[in-house]
There are 2 protein chains.
Amino acid sequence: MTPRGKQTVRDLRRSSRSTLLRHLYFHGPLSRQELGTATGLSAGSVSNVTGELLADGLIEECGSVDSDGGRPRILLRVAPGQAHLVGIDIGETQVRVTLFDLALTELASADQPLLAAHDPERVVRMIASGLDQVLAAAGVPAENVLGIGIGVPGIVEQGTGADPGADTVVHGQTFGWDAVPFGRMLREHTPLPLYVDNGAKTLGQAEMWFGAGRGSRHAVVALFGSGVGACVIADGVRFRGATSSAGEWGHTKVHVGGRPCRCGSRGCLEAYVGAEALVERWDGTVPGTSEKAGLAALLRAAEDGQPSAVALLDEAAELLGASIADLVNLFNPERIVIGGWAGLLLGPRLLPAIGEAATRYALAYPRSRTTITLSDLGPDAVTLGAATLPLTHFLDSGGEMPDHLAAVAAV
Amino acid sequence: MTPRGKQTVRDLRRSSRSTLLRHLYFHGPLSRQELGTATGLSAGSVSNVTGELLADGLIEECGSVDSDGGRPRILLRVAPGQAHLVGIDIGETQVRVTLFDLALTELASADQPLLAAHDPERVVRMIASGLDQVLAAAGVPAENVLGIGIGVPGIVEQGTGADPGADTVVHGQTFGWDAVPFGRMLREHTPLPLYVDNGAKTLGQAEMWFGAGRGSRHAVVALFGSGVGACVIADGVRFRGATSSAGEWGHTKVHVGGRPCRCGSRGCLEAYVGAEALVERWDGTVPGTSEKAGLAALLRAAEDGQPSAVALLDEAAELLGASIADLVNLFNPERIVIGGWAGLLLGPRLLPAIGEAATRYALAYPRSRTTITLSDLGPDAVTLGAATLPLTHFLDSGGEMPDHLAAVAAV
DNA sequence: AGACGTTAAATCTCGGCGTGAAGTAAGCAG
DNA sequence: CTGCTTACTTCACGCCGAGATTTAACGTCT
């Protein structure tokens, strides 16, 4: 309990720049006038700071609006092409690299299949080549990229040094990665700033920025796929915990000592309601089908009234509801968003039962303050959320360019 | 996702004052010299700010230390008698009001028994009279009290207005309080600033400031008493959630659909390992004994090898370990502290088994970064933790006196 | 005793910040 | 063209922290 307050000199400027930039980013084109009233800064300061941002090329003027009788307002917006972002999704079956502009519109994308072998070295090489591909395809020079956000499976241990991304270590049980120095390996292929986080967490970020989580400051994004994970947002910021592995919801117990789970423990939620577990437990599964096909078949069977399928899905809804109730009790969020490909598939059928079960299992007061909704983002959101990581840094720093961008920005 | 960002002018000074005050508070008497290097502020600024704080009477000089050959260092410390704090514990059986000085040394205390009736109006009157008693006993004028911290059972809904304490609403299931406008009722008896929170949370605060949680920024304080609760600290700050009811660990499920719990749900942790549940479930309990006596008897029987007692405690350790594993997975803390009167009683016997079970049930990586320890604070810590609430506000604001104190501080 | 070295603290100068008032730009109505 | 309204810019002011300089308060050495 000896928290930090640091010294501050012209961090005021950084803070002002950050505030204005953020506001412009999220609330579309605005005049300096509106910016001032919205952020609380005086008109003089807004003029000053926007002038600086304009000179840096980070924002630009875009049209004007008549104001009855007086001088028209000049609208400002973030210059979308001034810098770029890369988002990468390392999934179970492929590595996807996507290049975005500052407004997060997709410019180019490169997919590379990832078969049985998940050798880290090979994945890193695929990232490097994917990076070259998208930059070449869009004609964007590498110096113009603010940073690379990467969503990986497993637990991510963030670095702390001067180049934190390069110190990132990944523990991925499903990939057989044990303390892989992922950041260091990547750093050998690119000098760009690296931001690595768990894929479920980047998906959660996307959900908070552009999906069903928009507008809430306390939320839990529950990712329901082959496994089960969660991304907790507290007060607008992702909850990381001491070593940024917080939110491992899938291995929360629903029946202590129950079904064995692939994590080595027993009774985990994932061992009951993960897509892998559901397909494996259903007696109607045709051996050899893929997980997605198997789950779709299970859903169809349940909709046709096949008793074992109905029972299995009813049980899944009950357990998910109970476990979501735990999240409500522990995190007290305003909103719970159910996402992930299995969540998208089963959600429409299960949501009412899940909500009802959550009401039965959670404490009344926090439950009454929470809404449970389905995600409205596609599965491509992982790369989008990953790109969000360097973007957040960019906005927080008030539009600071990494060192290698200085020359470009000066033009 | 449109977070804050405010205007800032001489908040720098507030921040500097806060930093220095906090550092002096927690790291005992220090010279200006040491303060400078410890906080990163320049010697000039330290001189400036400490001069201001001295003039305000918030800190004082206390002796000096030779520095080989040169001018001796003058030590500074927070002036303990300059202001006072009140901490109140509304427990199941009594209302305890304690007056502290700024250094949180107890000056006076008043207990009032709370029998069957928990009528809110009566509790508020007891608080008012207890307040008068302790102030009179210590000869402290009310104007000299920075604020009143109150730990209550149940869920606390914090106010948001200009006088947040007075808007506090309490939902206390065990007391039969339903949306009691506790803050407003108190405001009729005293003009002092009010800070209300759940008793488990104030106990957790005490643990973080003075107990086993000291020095960690991410911790979970698990309170194990008649019921079960938790206080989550993330990055040095208590995790509140949207309506500050986060951390309701006791009603987390260990067996979905299992034993009925007093909260109305089934399978809650509390329904298995709460002291009330343990005493009720043990076949050796003598009807009519108090909960504490019953639990002590259970413990003695287990130590004598009585099989049903041993089995019950073994199961409790297993379930606690599994549920603590959930906390580890979800919150990823550096430390878990087990407190509460039942925790203190059973802890020494159960701790090894709990730790071992947690290892079996939690993910390996976050578990390896967590230590599980027993509380080292007595049960009186609730009032201490409650007094911590106004103190935190005082330190955060850089030593700002509430309005009614202005006259006193000017002397 | 007095000069000197050493270290702590106070004071001073400097560049930078946001505010708010005063000034300027850019449109409209008559 | 003259006023009038509104948007933006400029500027003087007070305040801030950093860093250099000065003063204070001690030992020690001759």
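For the numbers below, each heavy atom of this structure counts, side chains included, while hydrogens, waters and symmetry mates do not. In what follows, every chain begins at residue 1, and chains take the letters A, B, ... in the order their sequences are listed.
Between the CZ atom of R13(B) and the C1' atom of dG18(C) there is a distance of 16 Å, rounded to whole Å. For the pair L76(B) CG and dA8(C) P, the interatomic distance rounds to 14 Å; values are reported in whole Å. Rounding to whole angstrom units, CD of residue E34(A) and P of dC8(D) are separated by 8 Å. Nucleotide dG18(C) holds its C1' atom 17 Å from the CZ atom of R14(A), rounded to whole Å. Atom-to-atom, CZ of R17(A) to P of dG16(C) comes out at 15 Å; the value is rounded to the nearest Å. Nucleotide dT11(C) holds its C1' atom 16 Å from the CD atom of E52(B), rounded to whole Å. Distance Q33(A) CD to dA25(C) P: 18 Å, rounded to the nearest Å. Distance L35(B) CG to dA8(C) P: 13 Å, rounded to the nearest Å.
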Legend entry - Paired and unpaired positions of DNA chain C as dot-bracket, Watson-Crick or G-U wobble under 3.5 Å, | denoting a partner strand: ||||||||||||||||||||||||||||||
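In this view, D66(B) and P72(B) satisfy the side-chain contact (heavy atoms from CB on, under 4.5 Å) rule, not counting sequence neighbours. Remark: S45(A) pairs with L41(A), S42(A) by the side-chain contact (heavy atoms from CB on, under 4.5 Å) rule, at least two apart or across chains. Partners of E52(B) under the side-chain contact (heavy atoms from CB on, under 4.5 Å) rule, at least two apart in sequence or in another chain, are R13(B), R17(B). Looking at residues two or more places apart in sequence or on another chain, you find a side-chain contact (heavy atoms from CB on, under 4.5 Å) between L102(A) and V78(A), A83(A), L85(A), L146(A), L391(A), F394(A). D101(B) pairs by the side-chain hydrogen bond (donor to acceptor under 3.5 Å, both in side chains) definition with T105(B), not counting sequence neighbours. Partners of Y195(A) according to the ring pair (Phe, Tyr, Trp, His ring centres under 6.0 Å) rule, which considers only residues two or more places apart in sequence or in another chain, are H393(A). Here E34(B) pairs with nothing under the salt bridge (charged side-chain N to carboxylate O under 4.0 Å, His left out) rule; sequence neighbours left out.
A donor-acceptor contact closer than 3.5 angstrom links the side chains of T243(A) and N332(B).
With salt bridges taken as basic N to acidic carboxylate O contacts below 4.0 Å, one links R240(A) and D197(A).
If you find the closest nucleotide of DNA chain D to N48(A) and to R73(A), the one lying nearer the 5' end belongs to R73(A).
Closest to the L12(A) side chain, of the nucleotides dT11(C), dG18(C), dA8(C), is dG18(C).
Of the side-chain N and O atoms in S16(A), one or more sit less than 4.0 angstrom from OP1 or OP2 of dG18(C).
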Inset, instruction - Encode nucleotides 19-30 of chain D as B, S and - characters from 5' to 3', where the letter depends on protein heavy atoms closer than 4.0 Å: B to the base, S only to sugar-phosphate, - to neither. - result: B----BBB----
